[in-house]
Trainee: 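Dropping a structure here in structure tokens format, bear with me for questions.
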Amino acid sequence: MTSTVPRPGPPAPAAPAGSEPPEQPKGSRSGLAGLLDLPTELVRSLARSAATTPGRLSFIGAGLVVLSLLTGLVGTLSTQDRGDGIDTLVEHREPLAAAAQEVYRSLSDADATAATAFLIPGTEPAALRDRYASDIAKAGAALGKAASDSSGSPEAAEQIDVISRQLPVYTGLIATAQANDRQGFPVGAAYLREASELLRSSILPAAEQLYEVNAGALADDQDDVTGFPWFVAILLAGLIAALVWTQLHLRRMTNRVFNVGLLVSSAAVGLLVLWTAVALVVQGVLVGSGREHGTEQADRLVEARIAALQARADETLTLVARGGGGRDYDQGFTDQFSRFAGQDGRGGLLGDAVASAEGTTASALRSATEHAVAWGQAHDRVRQLDTGGNHRQAVLLAIDDKDEQSPATAFARLDGELAEVIGASRQHFVDDTTAASGALTLLAPGFALLSVIAALGATLGIRERLREYR
């Protein structure tokens with residue numbers, strides 16, 4: 001059996017010279033060219049769809065959904081950020097400002113305590129020695145806390161460095177002064193004055209600057225958590241306007257007054273606006289109250305207390321120095337006492353604090369004012385004894401904390417009142433600011449939930465109209 005091999009057919013005729021290649025069928029262009037044409041085709045397709053009523057309704061529905069969800073996302077994140085900011089105020093920012101205050105206050109009290117101990121003959125009392133040691137320890141602990149957050153603030157880090165370097169020098173001078181005083185060497189008073197001058201010229205200014213840095217950061221954070229949420233408000237206003245326009249547009253098209261889906265969407269957005277407005281107003285009022293009657297009042301009182309401590313140190317150093325610079329310290333007392341409570345004990349920083357106080361705080365500060373008046377009168381008696389040549393009697397009166405006519409008694413009562421009111425002011429800040437955080441409870445998830453309901457309502461409302469065109 002033989003196989004038949006097919007013969008090849010005649011060759012295809014060649015294309016004539018100069019002729020065009022055959023036209024490619026539609027849709028067979030190269031991949032890159034097709035991709036470049038996609039945006040144009042998409043725009044044309046959308047334009048054709050928008051030219052029809054169902055297409056326009058679909059665009060409107062999609063726009064409402066996107067705007068609802070975008071408003072919900074931004075509002076949720078904004079509310080969470082605001083709540084986190086309030087928590088940061090209570091847990092981080094205010095404690096740092098309080099630590100900076102404590103550095104300043106403790107060192108001022110240490111200066112006054114060391115000077116008072118010098119007036120007592122022989123070995124200083126254990127109570128004064130322990131108080132001085134406690135002041136230095138508190139200042140060191142507060143400085144460490146302030147340093148823990150100084151990495152982001154070069155200015156704060158610079159002040160902390162100054163205090164850290166100079167504080168050991170100060171305590172060394174005090175130790176030398178005490179050692180000489182125990183042995184009865186008059187040079188001990190010179191070391192005490194040198195230590196006090198170092199504290200006032202270098203350490204306390206750095207502590208004050210450190211406090212101002214932290215207080216400024218606290219005030220900035222308080223401003224942030226009470227600021228108006230402009231972006232969220234604009235989105236909510238835009239969503240409300242879009243819903244109103246859509247319902248008016250559908251009414252003109254269909255002569256139907258109500259659209260259940262869009263009414264649900266509008267109700268959800270209205271509830272969201274009302275809830276947000278009430279929560280932010282309450283939160284702002286509480287944060288403002290915590291600021292006015294908490295941190296700002298504590299600032300005034302701490303400043304007043306420090307001025308009182310410095311006045312007490314000057315009062316004591318006047319007696320320690322006697323003829324060697326005592327007049328300068330006496331003038332220092334006059335200046336600091338006037339700054340603290342005015343000439344009569346009822347003005348100055350203390351008077352400002354009394355004017356802005358309320359409730360039990362005002363009562364305690366009025367009592368502190370009476371102690372300030374008594375202190376000023378007791379100081380005058382001490383100065384009369386000292387300038388009259390009765391230095392020993394002046395010293396005994398100045399340090400006797402059992403005598404009702406002594407500056408020591410009046411100052412101790414005054415200082416105790418101020419410490420109590422400062423603690424109450426800080427607690428006022430914590431209570432009000434914590435309550436402000438509570439005012440935002442559930443607002444973030446509520447924002448998300450109501451925005452989703454608004455999106456679903458818009459979807460159902462538009463779909464109801466689209467069904468009429470099928």
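Because only heavy atoms are used, hydrogens play no part in the values below, and waters and symmetry mates are left out as well, while side chains stay in. Numbering starts at 1 and runs along the sequence shown.
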Trainee: Flag the pair Arg366 and Glu417 as a salt bridge only when some basic side-chain nitrogen lies within less than 4.0 angstrom of an acidic carboxylate oxygen.
Mentor: no
Trainee: May I ask you to decide if the ring planes of Phe337 and Trp375 are parallel, tilted or perpendicular, using 30° and 60° as cut-offs?
Mentor: perpendicular
Trainee: Measure across Thr361 and Gln297 and return the closest heavy-atom pair with its distance rounded to 0.1 Å.
Mentor: CG2-NE2, 4.3 Å
Trainee: Tell me whether the rings of Trp245 and His249 are parallel (<30°), tilted (30 to 60°) or perpendicular (>60°).
Mentor: parallel
Trainee: Do Asp314 and Arg200 meet the salt-bridge criterion of a basic N to acidic O distance under 4.0 Å?
Mentor: yes
Trainee: Check this for me, if you would: do Arg339 and Glu303 make a salt bridge, where the nitrogen-to-carboxylate-oxygen distance has to be below 4.0 angstrom?
Mentor: yes
Trainee: Ignoring hydrogens, what is the shortest heavy-atom contact between Gly75 and Val232? Give both atom names and the distance.
Mentor: CA-CG2, 4.0 Å
Trainee: Please indicate whether Arg392 has more than 12 foreign heavy atoms, meaning atoms of other residues, nucleotides or ligands, lying under 6.0 Å from its CZ.
Mentor: no
Trainee: Side-chain contact, heavy-atom cut-off 4.5 Å: Ile120 with Pro125?
Mentor: yes
Trainee: Would you name the heavy atoms of Thr113 and Tyr132 that are closest together and state the gap between them?
Mentor: CG2-N, 3.9 Å
Trainee: Please report the closest heavy-atom contact between Leu210 and Ile163, naming both atoms and the distance.
Mentor: CD2-CD1, 4.4 Å
Trainee: Closer than 3.5 angstrom, by distance alone: can the side chain of Thr71 be matched with the main-chain N or O of Leu236 as a donor-acceptor pair?
Mentor: no
Trainee: So does Arg291 pair up with Asp223, basic N to acidic O under 4.0 Å?
Mentor: yes
Trainee: Is the side chain of Ser265 donor-acceptor paired with the backbone N or O of Gly261 at a distance under 3.5 Å, no angle test?
Mentor: no
Trainee: Minimum heavy-atom separation for Ala189 and Phe118, please, with both atom names.
Mentor: N-CE2, 3.7 Å
